[in-house]
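Working notes, beginning with the structure itself.
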Amino acid sequence: MSDEWNAIGFVISSNYRVTVLRRLNQGPATPSQIANDEDIAITHVSRALRELGERDLVELLVPENRRKGRVYGITEKGERIWKEMQSQNLAE
């Protein structure tokens with residue numbers, strides 16, 4: 001359980017990570033779609049995706065060498081973390 005709380009603490013320490021995880025919980029998207037949907041800068045989206053990916057909360061759904069059309073999705077672990085954050089009222 002502590003690993004889950006560690007992940008939750010990591011996500012909620014950044015509004016951008018919370019926003020990106022929330023958006024991907026609704027379905028796969030490209031960084032530019034996330035930036036447009038959530039009205040945040042692409043640089044913040046890219047950093048949040050990288051950080052969430054390092055924790056296995058999101059994943060790249062297309063080959064790593066693609067530069068355009070990079071589609072990201074939430075992982076099973078990411079979904080578990082998101083559900084727990086919602087149940088604890090830690091996600092807006």
Side-chain angles (χ1 to χ4, degrees):
M1 188 63 168
S2 64
D3 183 47
E4 236 172 57
W5 279 106
N6 191 18
I8 289 170
F10 174 75
V11 173
I12 65 174
S13 67
S14 163
N15 287 337
Y16 297 118
R17 290 192 287 257
V18 172
T19 299
V20 169
L21 200 61
R22 178 193 314 111
R23 173 56 189 82
L24 289 179
N25 189 55
Q26 299 165 11
T30 64
S32 56
Q33 285 174 316
I34 297 168
N36 290 336
D37 290 351
E38 301 298 332
D39 197 30
I40 54 178
I42 190 89
T43 53
H44 296 305
V45 173
S46 296
R47 183 181 312 120
L49 285 168
R50 186 180 70 249
E51 293 166 347
L52 292 167
E54 289 168 356
R55 303 272 179 136
D56 297 320
L57 301 175
V58 303
E59 62 188 343
L60 184 61
L61 301 176
V62 298
E64 186 65 42
N65 60 1
R66 293 255 331 236
R67 286 287 150 238
K68 293 245 182 243
R70 291 168 68 91
V71 179
Y72 288 83
I74 194 169
T75 62
E76 283 184 29
K77 180 180 176 183
E79 283 185 32
R80 271 199 326 273
I81 296 303
W82 183 251
K83 284 189 178 111
E84 185 63 27
M85 286 170 59
Q86 287 184 305
S87 74
Q88 300 290 335
N89 292 319
L90 295 171
E92 311 87 45

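Counting begins at 1 with the first residue of the sequence.
- Here the OG1 atom belonging to Thr30 is positioned 10.5 Å from the NZ atom belonging to Lys68, to the nearest 0.5 angstrom.
- With rounding to the nearest 0.5 angstrom, the CZ atom of Arg80 is 7.5 Å from the OG1 atom of Thr75.
- Crowding of Gln26 atom CD: a count of heavy atoms from other residues, nucleotides or ligands under 6.0 Å exceeding 12.
- Looking at Glu4 and Lys77, no side-chain N of the basic residue comes within less than 4.0 Å of a carboxylate O on the acidic one, giving no salt bridge.
- Going from atom CG of Leu57 over to atom CG of Leu49 covers 11.0 Å, rounded to the nearest 0.5 Å.
- Hydrophobic clustering, with ILVMFWY side chains joined whenever heavy atoms are under 4.5 angstrom apart, keeps Ile42 apart from Leu21.
- Between Gln86 atom CD and Glu84 atom CD the span is 10.5 Å, to the nearest 0.5 Å.
- Taking CG of Asp3 as the reference point, atom CD1 of Ile8 lies at 10.0 Å (rounded to 0.5 Å).
- Cluster membership for Val62 and Leu52, using ILVMFWY side-chain heavy atoms within less than 4.5 angstrom, is shared.
- Closest non-hydrogen pair, Ile81 versus Ala7, comes out as CD1-CB, 3.8 Å.
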Just do the side chain to side chain contact (heavy atoms under 4.5 Å, CB included) check on Arg47 and Arg50 with the steps written out, would you?
CA-CA 5 Å; Arg47 183 181 312 120; Arg50 186 180 70 249; 3.6 Å; yes
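- Looking only at distances, no side-chain donor or acceptor of Arg22 sits under 3.5 Å from a matching main-chain atom of Trp82.
- At least one donor-acceptor pair under 3.5 Å links the side chain of Asn36 to the backbone N or O of Ser32.
- A single hydrophobic cluster is seen to contain both Tyr72 and Leu61, as judged by linkage of ILVMFWY side chains at heavy-atom distances under 4.5 Å, directly or through other members.
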Quick one, Leu90 with Val11, criterion side chain to side chain contact (heavy atoms under 4.5 Å, CB included). Give me CA distance, side-chain angles, the key distance, then yes/no.
CA-CA 10 Å; Leu90 295 171; Val11 173; over 6 Å; no
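- A side-chain contact (heavy atoms from CB on, under 4.5 Å) with Glu38 is found for one member of Val45, Thr19, Val20 and no other, namely Thr19.
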Go through Val18 and Met85 one step at a time and tell me if the side chain to side chain contact (heavy atoms under 4.5 Å, CB included) criterion holds.
CA-CA 10 Å; Val18 172; Met85 286 170 59; 4.2 Å; yes
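- For the pair Arg55 and Phe10, the cation sits on the ring face: its NZ or CZ lies under 6.0 Å from the ring centre, inside 45° of the axis.
- With rounding to the nearest 0.5 Å, the separation of OH in Tyr16 from OG1 in Thr43 is 7.5 Å.
- Nearest heavy-atom pair, Ala35 versus Ala41, reported as atom, atom and distance to 0.1 Å: CB-C, 4.4 Å.
- Contact between Arg23 and Ala29 at its shortest, heavy atoms only, is NH2-CB, 3.5 Å.
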